[in-house]
Amino acid sequence: MDIREVAVIGLGTMGAGIAEVFARAGIGVVAIEADPQALNRGLGFLDASLSKAVSRGKLPASEQAEIRARIRPAVGFSDAAAVDLAVEVVPERLDIKRQIFAELDRVTSPSAILATNTSSLSVTAVAAATKHPGRVVGMHFFNPAPVMRLVEVVATVRSDAGVADTVAALARRLGKTPVQVGDRAGFVANALLLPYLNQAAELLEIGYATREDIDLAATAGIGLPMGPLALLDLIGLDTALSIMEVLHAEFSLLRYAPAPLLRRLVDAGRTGRKAGRGFYDYAAGVADSGGNGVSSGAPDTVTLIGDGDEAETDLATALASAGVNVTRNPAHPTELVLVAATAGRKILPAALAAGRPEQAVGLHLPRGFADGRLAELIHTSLSSDKAVAAGVALADKLGLVVVHAPDRPGYLVGALLYPHLADAVRMVQDGYATAADVDTAMTLGCGYPRGPFQLLDAANPSIVLAGLQAMQEAYGFPSLAPPVLLAEHAGAGIQWASFRGGAGARDSGRY
Ligand SMILES: NC(=O)c1ccc[n+]([C@@H]2O[C@H](COP(=O)([O-])OP(=O)(O)OC[C@H]3O[C@@H](n4cnc5c(N)ncnc54)[C@H](O)[C@@H]3O)[C@@H](O)[C@H]2O)c1
């Protein structure tokens, strides 16, 4: 089916960008708003975005007027009668969306496709407001629509065969990369991203780590462009909360229960950047940041305790090249006992065995997916402030950036990352998306430099598996149970990059 003219209903944050994307691809757009005032505001967003693209050299000035001429502003739906596709981009409320779809169903030709840009509502429930649910799909763009390349195309159990394929082909014509999935809350990107962000809020709430360390663990430790708490502030804590509520209502998993702190900050009006304050305070124009601990001189000699494994060798090499003397004799009276940490290893037993637990800390160098600069300094319940300060100074001498973590499985980077990777594997195991689609969704939709499966390969699936097993043993939450598919692949040494399995769900025609 050839899409020549589309209607975009709602020219807010997303709709104005979506109208621009269609017009820039040479497609005529009927741009519909609720009233003339909202229409002017929406066209203002669109004009400002086009002018910005011209001033940044992304769009030749000569094309601006041509693109603009393809957009036909309208109040009311009568101008949508002849369109081939209508994309609804009104506020995230089922009652408003159902009303719009009932109206679109009445005015458009029965052969036209009707799409919703909803992020978290059921596309099926929206489709049920029409007499022709077979032509209704989700077409989920990301913010800002002219820039972000991902489009999630969602088919419902009622969608006619071929409708989602037509919309996916159109997305490619717009220069986007479609990922086709069935109608499940959060689709791929939000269903994976939001629980990870929510868990970061939970770690902060229980005092597991500081706000700065949680964000640093994600950026320097995992290589993500932004820390989860800073990202929550950017997305808006209220938006994040409502998506978590939808996920929790759909799947009833404890992991999807919104962190109480998220709810309290929303109650307090601290919804993030837009409110001037969320997890960080933006009132002064830049996010405030707390300090990161005491400073002291680095010890010249440390007692190194390890398992004779790679972690110990790595640490011994780093210490030697920084000119720090190492003794392996616990009785030698050094200021610091350094336990070489590996995912899943507890520090306290080694510290007790050394006989000087108050002088002992763990040091973990997460490998594989970060830039190798980050060290996790692990405190046991018995580590003294002096030992922690000496550990910080030592890490500084080794040229490492430190985050503090308790002596719990996964430490800090793993506590954030391993359950997130497990969610991604579970999504493939459940047949909802392919591993390649998950990686595409997270790189193009969330700005990950590498998708979860690329991260998993880089981190070594066996280490992630061991970390998850230790976390589940410690906490007992079912959502921490390593997915069977992860255990199978780790056991067989299968690289996810070479895994072509995982059907990917297209609900239409499947049930
Ligand atoms: N903002 C995001 O980052 C983002 C990202 C992806 C998807 N979404 C989804 O896109 C949709 C819109 O979100 P938004 O952030 O652009 O909201 P928004 O509030 O910025 O824009 C909604 C627009 O719809 C208009 N509108 C309301 N009722 C209307 C009607 N009856 N007829 C025509 N226009 C009407 C409003 O005047 C407003 O301009 C939501 O479903 C949201 O979940 C948002």
Side-chain angles (χ1 to χ4, degrees), residues 7-21 29-46 48-49 72-80 83 86-108 114-123 125-126 129 136-154 171 176 179 183 185-191 193-194 197 231-247 271-274 441 444-447:
V8 174
I9 300 97
L11 290 191
T13 308
M14 289 305 290
I18 293 169
E20 177 186 333
V21 168
V29 180
V30 181
I32 300 174
E33 256 295 348
D35 57 60
Q37 210 185 346
L39 187 59
N40 276 337
R41 193 189 50 210
L43 294 172
F45 294 151
L46 204 153
S49 169
R72 202 145 49 91
V75 171
F77 289 74
S78 49
D79 285 26
V83 299
V87 184
E88 164 277 310
V89 204
V90 302
E92 189 76 334
R93 273 187 39 199
L94 188 60
D95 55 338
I96 307 182
K97 290 192 189 285
R98 283 173 63 92
Q99 213 178 329
I100 301 274
F101 270 76
E103 189 65 13
L104 285 172
D105 197 32
R106 205 176 54 74
V107 298
T108 56
L114 307 184
T116 171
N117 186 53
T118 182
S119 297
S120 57
L121 298 173
S122 153
V123 178
V126 173
V136 178
V137 290
M139 188 176 193
H140 185 223
F141 288 83
F142 287 71
N143 190 13
V147 177
M148 300 300 283
R149 280 175 45 212
L150 180 68
V151 174
E152 290 175 321
V153 178
V154 184
K176 307 291 184 194
V179 162
D183 187 16
F187 313 131
V188 176
N190 282 337
L193 181 68
L194 269 298
L197 301 181
L231 184 55
L232 276 167
D233 277 354
L234 186 68
I235 292 173
L237 272 58
D238 49 346
T239 305
L241 176 62
S242 70
I243 298 178
M244 286 313 301
E245 282 170 344
V246 169
L247 288 172
T271 52
R273 277 180 191 240
K274 61 187 171 190
L444 301 185
C446 304

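Order of listing sets the numbers, starting from 1, for every ligand and every atom in it.
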For a distance cut-off of 3.5 Å, show me each N or O of ligand 1 paired with any protein N or O, plus the separation.
| unit_1 | atom_1 | unit_2 | atom_2 | d |
| --- | --- | --- | --- | --- |
| ligand 1 | 3 (O) | Asn143 | ND2 | 3.2 |
| ligand 1 | 8 (N) | Ser119 | OG | 3.3 |
| ligand 1 | 10 (O) | Asn117 | ND2 | 2.9 |
| ligand 1 | 16 (O) | Thr13 | N | 3.4 |
| ligand 1 | 16 (O) | Met14 | N | 2.8 |
| ligand 1 | 20 (O) | Thr13 | N | 3.0 |
| ligand 1 | 20 (O) | Thr13 | OG1 | 3.1 |
| ligand 1 | 34 (N) | Glu33 | OE1 | 3.3 |
| ligand 1 | 37 (O) | Glu33 | OE1 | 2.9 |
| ligand 1 | 37 (O) | Glu33 | OE2 | 3.3 |
| ligand 1 | 39 (O) | Gly12 | N | 3.4 |
| ligand 1 | 39 (O) | Glu33 | OE2 | 2.5 |
| ligand 1 | 39 (O) | Arg41 | NH2 | 3.3 |
| ligand 1 | 41 (O) | Val90 | O | 3.4 |
| ligand 1 | 41 (O) | Glu92 | OE1 | 2.6 |
| ligand 1 | 41 (O) | Lys97 | NZ | 2.7 |
| ligand 1 | 43 (O) | Glu92 | OE1 | 2.9 |
| ligand 1 | 43 (O) | Ser119 | OG | 3.3 |

Practice task
Might you confirm whether atom CZ of Arg149 has over 12 heavy atoms from other residues, nucleotides or ligands at distances under 6.0 Å?
Solution key: no
Handout entry: Donor-acceptor contact present, side-chain Glu33 to main-chain Gly42, <3.5 Å
Key = no
Practice task
Examine distances only and state if a side-chain atom of Asn117 and a backbone atom of Val87 form a donor-acceptor pair shorter than 3.5 Å.
Solution key: no
Practice task
Please check if any side-chain donor atom of Ser119 sits under 3.5 Å from a side-chain acceptor atom of Glu92, or the reverse.
Solution key: no
Problem - Donor-acceptor contact below 3.5 Å, side chain Lys176 vs main chain Ala145 - result: yes
Problem - Backbone N/O of Val154 and side chain of Glu152: donor-acceptor pair under 3.5 Å - result: no
